[in-house]
K.L.:
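Quick one: structure below, then a few questions.
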Amino acid sequence: MINLRKILDINNRKGEKNEFTFELFFAGDTPISLKAASNAKAIFDKYCKNNYTMHLFDINKNTALVERENIIAVPLLVRKSPLPEIRMIGDFSDMQKVKNEFLIR
Amino acid sequence: MESKTQNKAVDQKRSAGDYKLLKSPTGIKGFDDITFGGLPLNRPTLLVGSIGSGKTFLAMEYIINGIEMFNEPGVFMTFEEKTDELLENVSSLGYDINRFIENKTIYLEHLEIGSNISKEVGTYKIDGLFIRLEQAIDKVNAKRVVLDSLDTLFASLDRHILRSEFKRLFSWLKDKKVTAIVTAELGDVFLTRMGLEELIADCVIELSNRITNQVSTRRLRVLKFRGSPHALNEYPFIIDENRLTVFPLISQGLQQKSSNERISSGIKKLDEMLDNKGFYLGSSILISGTAGTGKSSLLASFANDVCSNNQTCLFCAFEEAPNQIIRNMSSIGLNLHPHVASNKLQFYFARPSLQNLELHFMAIKETIKSVKPQVVVLDPITNLMTEGPNSDVRSMLTRFIDYLKTKQVTVMFSAAITIGSISRNPSDEGISSMVDTWIMLEDLELEGERNRSMYVMKSRGMDHSKEVREFIISSSGINLIPIARNKQGILIGSKRVAAEKESKKAEKESKEIVGKKNFQHQFSEDGDVQ
């Protein structure tokens, strides 16, 4: 088993208010999940370093999330702030597309 | 994948000892007959149809029947309607769905697609759906699952990935040991818009809604049922407040009972022609004849007799309003008023063009259910023929007669025919084959006078009379008189009256000679015979 959190080393700085908040929902530590998480991290690190928070949720471990967040397909990346909420699914391999979608203020 | 399922089927065959695939009964009237038991157990079934063809309803019926009849909880997952909308729609059709929700035998869930996926980059999995399905199945311990409709997902997701994901979903459903119905829209190129039929290979059912002569009829067909025989035809079905019913021709015929009991035709002389006993109880009787030969009178006379014997008769009138029938029949000495007052005689009156045939058929069936008549009279069925192609009317009538036979209800119906159509086409409108007794009314034209005549064309299972009788309708009712002959030919109508007069006169005369009575008295008596 791969621990996504460890590999990605996502350190969300506490107490500080970042401009972007993302939530990434994935199902199990699968290659697709890993790819999606690392791609997302790479994009955000590149374009809004130190100005974002990303939370990871494994829907297999926290199944209640599925209904609450109305999740059908994963990996799902949600921009929680700033509003409006933006959702995108996939492994986020197209960096430019993700950037255009998520990082427009 | 395919070989795996086939192996499974073989295993089931062997373990079952016979050559039957295990089925999950739907409880839908007629449907289990044409599929010989229901849907394939623990496998997904694809339900495909155009907009408004009744997919959602059939699927819902499957779930509800599962709870009500087979004690199998179900999950209904909708991608289209909101849960409360669905609840409303389904409740309006007579289901007490809230009760099932409360006692946790049904679980409804709406998966909203619209806000769910806005963009898509790269590959993905639909594990979210899996988890939700699993949660739903576990919540009620479901044995039956409906996904309505998966097509909606294709609107926003990459179809190649989705198709492979669906493949995974269907095999997952098999592993979960649930019987699933997956609905999909009818497509242009493929059967379904997204080619789902390639993914679900076990059972495919198609619903359609076709319009012929401006009347629409819902139809159902089993396109494929792997490892099982199934009926191949298209069967009409209806959805009403009493649920969904498929009308297979094959199913009802098997359950018919044949009674040896007899029922009087209401006319003594006609009973004489029918083995001296009348019709068989629960048989079908066709009265055909050209206009004005007295079909309706014969029908009314039968109805009157049935009611007089304290039985109930349903009179289905497609031509005259009940009041008019009652008035007209009083002119031939049939007083129907008391029967109407005592509810022995009930009317179903509708213009054929009011609604489509299936609905007429259903409305009559409903009336039959509430009235529980021993006899049903249809006057005339030929009026229904204007309301759809003849083949449709015929199959409807066949089903209707089959239905009545299973209920042991005697049915008499009239058919108006055109002059000479019988000699041209002896199997009158193709309906003669489905009737047990066929009575012909004919106008005999002789020397500038038309007289009604009647004969029994056929009557199954009895030694019926082959003679043609004169059929007389007078203010005192209906009478049948054997047609006499003399040297001048057949005696009918005024000729008969004249001959009767003659013979009476001759009789009187011979009596006169013997009794030596005076001539004057005999003349005055002659005057009475008229």
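We name chains A, B, ... by the order of the sequence lines, and we start the count at 1 in each one.
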K.L.:
Quick one: what part of A:Ala64 sits under 4.5 Å from any heavy atom of chain B, side chain, backbone, both or neither?
P.N.:
backbone
K.L.:
Return the CG to NZ distance between A:Asp91 and B:Lys125, rounded to the nearest 0.5 Å.
P.N.:
11.0 Å
K.L.:
With sequence neighbours left out, write down each residue that passes ring pair (Phe, Tyr, Trp, His ring centres under 6.0 Å) with B:Tyr124, or none if nothing qualifies.
P.N.:
none
K.L.:
At a heavy-atom separation under 4.5 Å, does B:Glu134 approach chain A through its side chain, its backbone, both, or neither?
P.N.:
neither
K.L.:
Please name the pair of heavy atoms, one in B:Asp127 and one in A:Val74, separated by the smallest distance, quoted to 0.1 Å.
P.N.:
CB-CG2, 3.7 Å
K.L.:
Tell me every residue that passes side-chain contact (heavy atoms from CB on, under 4.5 Å) with B:Thr56, counting only those two or more places apart in sequence or in another chain.
P.N.:
B:Phe76, B:Glu81, B:Leu86, B:Asp148
K.L.:
How long is the gap from CD1 on A:Ile71 to CD1 on B:Ile126, to the nearest 0.5 Å?
P.N.:
14.0 Å
K.L.:
When only pairs under 4.5 Å are counted, which of B:Ile131, B:Ile161, B:Leu162 shares the most heavy-atom pairs with chain A?
P.N.:
B:Ile131
K.L.:
Is A:Ile32 close to chain B through its backbone or its side chain, or both, or neither, when contacts mean heavy atoms under 4.5 Å?
P.N.:
side chain
K.L.:
Using a cut-off of under 4.5 Å for heavy-atom pairs, which of A:Thr63, A:Asp94, A:Val78 has the most such pairs with chain B?
P.N.:
A:Thr63
K.L.:
If you count the non-hydrogen atoms of other residues, nucleotides and ligands that lie under 6.0 Å from CG in B:Asn71, is the total more than 12?
P.N.:
no
K.L.:
Does B:His110 reach the side chain of A:Asn70, with side-chain heavy atoms less than 4.5 Å apart?
P.N.:
no
K.L.:
Where is the tightest heavy-atom contact between B:Arg132 and A:Val66, given as atom of each residue plus distance?
P.N.:
CG-CG1, 2.9 Å
K.L.:
Counting heavy atoms not belonging to A:Lys80, are there more than 12 under 6.0 Å from its NZ?
P.N.:
yes
K.L.:
What do you reckon, is NZ of B:Lys139 surrounded by more than 12 foreign heavy atoms closer than 6.0 Å?
P.N.:
yes
